[in-house]
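Nothing here was measured: the structure is a model prediction, and the numbers come from that model.
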Amino acid sequence: MFQLGSSPDWTIYNLYLCHFLSTWNARSYEFASVLFTAAAFPEGLSAASWIGITTSLAIIVFASSLGRWVDHAPSRLRTLLTTVSINRVVVIVACVCWVIIITKDVQEDVPKSIGDAIEPTDARPLKLHQWKDATFLLILALGISERLSRLANLISIERDWVPTMVTAGATDKQQPPYDLSRLNAVMSRIDLICKLGSPIAISAFMSATKSPRLGAILLIGLNLMTWPLEYGTAKIVWQGNEQLREEKVVDVSEAKDIAVSGSQDGVGFTSDNLLNALKAVLGWFSQYGRSLQQYFSTEVWMPSLAMSTLHFSILTFSSTLIVFLVNSGFSMTLITCAEVLSAAFEMSSTFLFPWAVRVLGNRHPTYIPLSPDDEIDNNPPSKPSTPLRSTFAIHDPNPDPPSTEHTQTAAVSTLGLLALTLTLLALIPSVPAIWHIAISPLPITPNNQPNNPPSSAWHTHRPTTLIIIIFIALSRLGRFTGALCAQQLAQSCVPPAQRSVFAGAEAGFAAAFGLAHYVITVVWSRREQFGIVALASVGVVAAGVGGYAVWWVGRRGRRLGGWG
């Protein structure tokens, strides 16, 4: 399976390094773009809102198409390198645009007074602002491309490369198979390290240099340096695994449908071209519907959808909750400590997940379906000459050992329900605590003037604040463990030819719930209404847990992963 001079450890370490480089660059630009937006548009939050809205809508519209593209691409290496190249080029061009619109000339040439505004030089600032807005529109388009290319890269790695490598290890008699739970946990751990480390590094550099422009230049250099290294590590992984080098089997009929729907005859604007354009649009809708049909035809769509509902919740230390806490009088020092505690629980989930799967796998009774020859007919003999084989393998006197893959999948499905239940139970106490803070008056100074001193809100709401910090941080343990469970269920139970399509549809639903998150905070935007948003968040999460529980009960005793 492995080429001369390579080893499983060398291959897997290069996979980790490739994923680390991609994730670090993505997380760095994700955080830096917020700082760049604040520097370029210090007058309000509308620019940042537009970035979030446009990227969410783009994922909803194009995520399933990206998954279909990954599934239909015959070469795994070419697909991954394409996503890396597009992402690097887009980030570099976007950083160049940020350098341009953050320049002092653009910000300082604004008229300082009415007298300045009526001078002949008045036209120059107006043109500069128009040009600045046009550049920001380009940044929005580049941001959409960056987010979609990052999503395609993640789908290719997590839903194509990793399951293929595990399958390759399992078919090799001479090499120990990769453990899917451990592999997913380490990949998630890398993502969390980048999520914590890259913002600290970027913010420290910008604080030291006091220049967002230099931060953008730093990202340009970082992307240029890591680009060839990502290429090299991806090729090493691809060369070290025979299964990855094999071309995928593509559905020829569906590929023809795509080609026909997108084909155009003739040159110029004619009725035929208009008809072909209409066919292309209808073909895209048809493909989108087919992706959703494939998503809901799998046996694990309910756990996936249940995890997507968590993106609706505001009960996480994201921008929405942080703004509420700051407006309620809490210091950034306290909020930072809460984020660190939350990150510690998130990181612990990557260690808990493989251990819990191993423990539940040893204790979980795997259901072995009866073969057609062993099925009981409508009128069985009253005294069979040969005892019927027991349904459960643990009751058989000499059972065949259950498949490790199916035992692990059954354990993961149970762990997912436990993780989501923990998430819900941890979020429930946060609702009355947030409601109490939301309806309480702002802290006041001895002069009876509203103020937000660093410790006033903490002293006023200490018990409720502790409830919010501790229980929301604890919910992250369940949320990240559940995400790992949903990911492994999709890797194990979705047919290989549909994994990326499934992941694209899954990302679309997650983005839809995330968009609803922003919409509900716009509808109930006042601080005193935040308790309503928190209650709605728990209601949606409870619905997701209920759906997962219905799925789990309906499939209890059945062996998942029947595509193999």
Legend entry - Residues forming a side chain to side chain donor-acceptor pair (under 3.5 Å) with Arg182, sequence neighbours excluded: none
Inset, instruction - On the 0 to 90° scale, with breaks at 30° and 60°, tag the Tyr548-Trp551 ring pair as parallel, tilted or perpendicular. - result: perpendicular
Legend entry - Separation of Asn25 CG from Phe20 CZ (nearest 0.5 Å): 9.0 Å
Legend entry - Inter-residue atom distance Ile520.CD1 - Gln529.CD, 0.5 Å rounding: 10.5 Å
Inset, instruction - Could you tell me if the ring centre of His311 sits under 6.0 Å from that of His517? - result: no
Legend entry - Side-chain H-bond candidate by donor/acceptor type, Gln491 with Asn184, under 3.5 Å: yes
Inset, instruction - Not counting sequence neighbours, list each pair that qualifies as a salt bridge (Lys or Arg N to Asp or Glu O under 4.0 Å) and has a residue in residues 183-192. - result: Arg27-Asp191
Inset, instruction - Using ring-ring contact (aromatic ring centres under 6.0 Å, His included) as the criterion, list what pairs up with Phe509, not counting sequence neighbours. - result: Tyr295, Phe296
Legend entry - Full working for salt bridge (charged side-chain N to carboxylate O under 4.0 Å, His left out) between Arg499 and Glu158: CA-CA 10 Å; Arg499 283 185 188 136; Glu158 291 185 350; over 6 Å; no
Inset, instruction - Please determine, by modelled atom types, if Ser181 and Gln488 share a side-chain donor-acceptor pair under 3.5 angstrom. - result: yes
Legend entry - Salt bridge present between Glu30 and Arg150 (N-O < 4.0 angstrom): yes
Legend entry - Flag side-chain contact, heavy atom, 4.5 Å: Tyr288 against Val61: no
Inset, instruction - Test Arg476 against every option in Thr316, Thr423, Thr481 by the side chain to side chain donor-acceptor pair (under 3.5 Å) rule and name the one that passes. - result: Thr316
Legend entry - Reported CG-to-CD1 distance for the pair Leu196 and Ile193, which is rounded to 0.5 angstrom: 8.5 Å
Inset, instruction - Evaluate the side-chain proximity of Glu146 to Asn87: yes if any heavy-atom separation is below 4.5 Å, no if none is. - result: yes
Inset, instruction - Could you pull out the closest heavy-atom pair between Trp24 and Gly197, with the gap in Å? - result: CH2-C, 3.5 Å
